[in-house]
Chemist: 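Before I ask anything, let me first share the structure, which is written out below as C-alpha cells.
These figures come from a predicted structure and were not determined experimentally.
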Amino acid sequence: MTQAQLNPFSGSDDNKRYLTYSHYLKKRFGTKVYKVPLDTDMGCPNRDGSKGVGGCAFCSAKRSGDFAGNPGQSILSQYEHMRTVMEKKWQGGKCIPYFQAGSNTYTDIRTLAHMLDTAVSLPDAAGVSIATRADCLDEEKCSLLGEYSKNTYLVCELGLQTVNDNTARLMNRCHSFYDFLKGYEMLRKHGVNVCVHLINGLPGETHDDMLTSARVISSLELHMVKLHLLHILKGTPLEKMYLSGSFAAMELYDYVNIIADQIECFDKNVIIGRVTGDGARADLIAPLWSLDKKRVMNEIDKELFRRKSYQGVRYVCKQG
C-alpha cells in the first residue's frame, strides 16, 4: 500500500495531511464557510481583579481580538462590516459569527442568551463560535450552550495554552489545568463541541513540554484544536520578559517540528483549526518570521511530506 493510500487526507480538497477547518466546513455545508470575528467588549477575570490584574502575560490590549470588529457597534453592524472586509478575499459562501475577543461567557446568562440569539439569526450564518476561559463557565451557561447546540453548529473555544500549571502561573493565567477540565467536562456533558487552544513557545517550555500538552488533550473528546505560535507583542508583560533576555522566541525550524509532532498525535477526526496564528504587524516584536504566514504553513506541509506522515499516525486510542 502506498503512502498516499495510507494518508487518510490524500483526497482532501486542500492537499493537506491533516483535517483542516476549511475542508471540514466545506464538506459539512457544501460551500465555503469563513469565520467573522466579533468583539462584544467582554471583560476578563484576569483584568478586573476577580482573579488577577494585567491579563495573561501574552494577551494584547484588545484581549486577543486584534482583528475583530468594533465593540462600540452592535453585533449586526460588526458582522456586516467584517463581512464586507472579508469578502474581498472570499466571495459568497456562509459565515460563522465568532465571539473572539475577551472571555465571552464572563457575563450574565441573559446577555449570553442575547448574544447567541443574535448570532444564529444573522444573514448566512452557518453556526456560531464562542471563545472563553474554562473558569468562566458554570452549569447554567453550559446548559444554555447545549440547548443552542441542538439546533445549530456551535463550538465553544477554550484557551488552555498549556497543561503545565507552572507555566500557567508564570503567564498569569490565574486558573489551573484542573479548572480547565471542570469547564471542559461541563460542556461535554451538555453536548457542546469543544475546541482547545495551545500556544507553542511559552517561556521555559521545552519541545517535550509542548508535545505533552498536545498528547494530554488528545485523550479528550475534542471537536477541534488550534495550535498557535507565541507572539511577543508591544505593551504586554511578555514584552518586558523578552527584552530582559529571560527567554528566546522560537525559531521557524523548531516551530515546524513541534507542530508536525503535535499533528501526528491527534485522532484523524479532530479538526486542526490552526497551525499558526496572527500577530498584528504594528505590534509584533518577535518572531518576525511569523509575518510570512504562507511560508510557515508551507514548511509544515513540507515537513509532514518529508516524514511521509499525517495526522493521527501517533494517536493513542482512548481506553474504555
Side-chain angles (χ1 to χ4, degrees), residues 18 46 51-52 54-60 64 131 133-135 157-181 183-184 195-220 222 224-234 236-266 270 272-279 283-290 293 296-297 299-300 303-304 311 314-316:
Y18 53 91
N46 272 21
K51 286 288 189 72
C56 296
F58 48 76
C59 195
S60 70
S64 296
R133 290 162 53 105
D135 60 343
E157 303 195 16
L158 299 180
L160 172 61
Q161 321 312 356
T162 177
V163 302
N164 188 318
D165 283 343
N166 290 328
T167 305
R169 280 190 289 271
L170 180 64
M171 293 292 96
N172 195 41
R173 292 289 290 148
C174 297
H175 72 304
S176 66
F177 182 55
Y178 175 72
D179 296 326
F180 161 80
L181 287 176
Y184 159 80
C195 170
V196 175
H197 293 227
L198 294 179
I199 293 179
N200 292 309
L202 291 166
E205 291 215 333
T206 64
H207 184 101
D208 284 347
D209 291 326
M210 293 176 248
L211 188 54
T212 294
S213 287
R215 284 174 172 161
V216 168
I217 70 165
S218 74
S219 68
L220 303 177
L222 298 182
M224 179 162 53
V225 62
K226 287 186 174 180
L227 306 173
H228 296 266
L229 168 68
L230 179 70
H231 291 106
I232 297 98
L233 302 174
K234 294 177 183 177
T236 62
L238 194 68
E239 176 192 16
K240 296 179 181 179
M241 295 176 62
Y242 176 73
L243 294 179
S244 73
S246 62
F247 77 100
M250 287 195 85
E251 298 292 343
L252 175 59
Y253 174 83
D254 296 323
Y255 185 72
V256 167
N257 272 279
I258 185 58
I259 289 292
D261 285 350
Q262 290 174 327
I263 285 173
E264 289 176 342
C265 75
F266 285 102
V270 173
I272 307 297
R274 273 188 177 273
V275 292
T276 185
D278 297 295
D283 295 329
L284 183 66
I285 295 173
L288 295 179
W289 54 259
S290 67
K293 189 174 178 180
V296 177
M297 297 177 72
E299 290 299 326
I300 293 166
E303 176 60 19
L304 289 170
Q311 180 182 341
R314 298 188 185 183
Y315 172 66
V316 178

Chemist: Just to verify, what does H197 make a ring pair (Phe, Tyr, Trp, His ring centres under 6.0 Å) with, not counting sequence neighbours?
Modeler: H228
Chemist: For the pair K234 and I285, evaluate side chain to side chain contact (heavy atoms under 4.5 Å, CB included) and give the outcome as yes or no after the intermediate values.
Modeler: CA-CA 7 Å; K234 294 177 183 177; I285 295 173; 3.8 Å; yes
Chemist: Between S213 and V163, is there a donor-acceptor pair closer than 3.5 Å when you use the side chain of the first and the backbone of the second?
Modeler: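 Side chain of S213 to backbone of V163: a pair is present.
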Chemist: May I ask you to test the T236-F58 pair for a side-chain heavy-atom distance under 4.5 Å?
Modeler: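 With C-beta onward as the side chain, the pair stays apart.
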Chemist: Hey, could you give me the CE/CG distance between M171 and N164, rounded to the nearest 0.5 Å?
Modeler: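 CG of N164 is found 11.0 Å from CE of M171.
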Chemist: To the nearest 0.5 Å, how far apart are CD in E299 and CG in N257?
Modeler: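 Those atoms lie 10.5 Å apart.
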Chemist: With distance as the sole test, does N200 use its side chain to make a donor-acceptor pair with the main-chain N or O of M210 at under 3.5 Å?
Modeler: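 Looks like no, no N/O pair under 3.5 Å.
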Chemist: Rounded to the nearest 0.5 Å, how far apart are OG of S246 and CG of L238?
Modeler: 8.0 Å
Chemist: Under a 3.5 Å distance rule, please check whether Q311 uses its side chain to pair with a backbone N or O of V270 as donor and acceptor.
Modeler: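 Yes; at least one donor-acceptor contact below 3.5 Å.
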Chemist: Do T206 and D209 have side-chain N/O donor and acceptor atoms under 3.5 Å apart?
Modeler: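 Yes.
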Chemist: Mark yes or no for whether W289, through its side chain, and V296, through its backbone, hold a donor-acceptor pair below 3.5 Å.
Modeler: no
Chemist: Rounded to the nearest 0.5 Å, what separates atom CG in L198 from atom CG in L158?
Modeler: 11.0 Å
Chemist: Could you tell me which non-hydrogen atom of K51 sits nearest to which non-hydrogen atom of N46, and how far apart they are?
Modeler: CB-OD1, 3.7 Å
Chemist: Does the side chain of T276 come within less than 4.5 Å of I259's, by heavy atoms?
Modeler: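 They are not in contact (no side-chain heavy atoms under 4.5 Å apart), so the answer is no.
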Chemist: With rounding to the nearest 0.5 angstrom, report the CZ to OG distance, R314 to S218.
Modeler: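 Separation between the atoms: 12.5 Å.
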Chemist: Looking at every heavy atom in both L227 and Y255, which two are closest together, and how far apart are they?
Modeler: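 Reported closest heavy-atom pair: O-OH, 3.7 Å.
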Chemist: What residues form a ring pair (Phe, Tyr, Trp, His ring centres under 6.0 Å) with Y18, not counting sequence neighbours?
Modeler: none
Chemist: With the side chain counted from C-beta on, respond yes when K226 and I272 share a heavy-atom pair under 4.5 Å apart, and no when they do not.
Modeler: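 Not in contact.
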Chemist: Got E251 and P287 here, is their nearest side-chain heavy-atom distance under 4.5 Å?
Modeler: no
Chemist: Please answer whether the main-chain N or O of A168 pairs with a side-chain N or O of D165 as donor and acceptor at a distance below 3.5 Å.
Modeler: no
Chemist: How close do D135 and C174 get, counting heavy atoms only, and between which atoms?
Modeler: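 In this case the closest contact between D135 and C174 is OD2-O, 4.1 Å.
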Chemist: Between CD1 of I217 and CZ of F180, what distance do you get to the nearest 0.5 Å?
Modeler: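 Atom-to-atom, I217:CD1 and F180:CZ are 6.5 Å apart.
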Chemist: Hey, would you say the Y242 and F247 ring centroids sit under 6.0 Å apart?
Modeler: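 Yes.
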Chemist: Are L170 and P203 side-chain neighbours, meaning at least one heavy-atom pair lies under 4.5 Å?
Modeler: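 Of all side-chain heavy-atom pairs linking P203 with L170, at least one is under 4.5 Å.
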Chemist: Quick check against the 3.5 Å criterion: does D261 have a side-chain atom that pairs as donor or acceptor with the backbone of I258?
Modeler: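 Not a single qualifying donor-acceptor pair exists.
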Chemist: Using modelled atom types only, decide if a donor and an acceptor are shared between the side chain of D179 and the backbone of H175 within a distance under 3.5 Å.
Modeler: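 Here the side-chain-to-backbone pair does not exist.
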Chemist: With a 6.0 Å cut-off (strictly less than), is the heavy-atom count around NZ of K293, excluding the residue itself, greater than 12?
Modeler: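 Yes, NZ of K293 has more than 12 neighbouring heavy atoms, counting only those of other groups under 6.0 Å.
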Chemist: Report yes or no: does T162 contribute a side-chain atom to a donor-acceptor pair with the main-chain N or O of T167 at less than 3.5 Å?
Modeler: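 Not confirmed, T162 side chain does not pair with T167 backbone.
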Chemist: Could you report the tightest heavy-atom contact between N172 and A57, atom names first, then the distance?
Modeler: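 Heavy atoms of N172 and A57 come nearest at CB-N, 4.5 Å.
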Chemist: Side chains of L222 and V196, heavy atoms from C-beta outward: is any pair under 4.5 Å?
Modeler: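 Yes, their side chains come closer than 4.5 Å.
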Chemist: Using atom types as modelled and distance alone, determine if a side-chain donor or acceptor of R133 lies under 3.5 Å from a backbone N or O of R173.
Modeler: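 Checking the backbone N and O of R173 against the side chain of R133, a donor-acceptor pair under 3.5 Å is found.
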Chemist: Do Y315 and C265 make a side-chain contact, defined as non-hydrogen atoms from C-beta onward lying under 4.5 Å apart?
Modeler: no
Chemist: Not counting sequence neighbours, which residues clear side chain to side chain contact (heavy atoms under 4.5 Å, CB included) with L284? List them please.
Modeler: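 L284 satisfies side chain to side chain contact (heavy atoms under 4.5 Å, CB included) with H231, L233, L288, S290, L291 only.
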Chemist: Just wondering, do L243 and I232 contact through their side chains at under 4.5 Å, heavy atoms?
Modeler: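 No, every pair of side-chain atoms sits at 4.5 Å or beyond.
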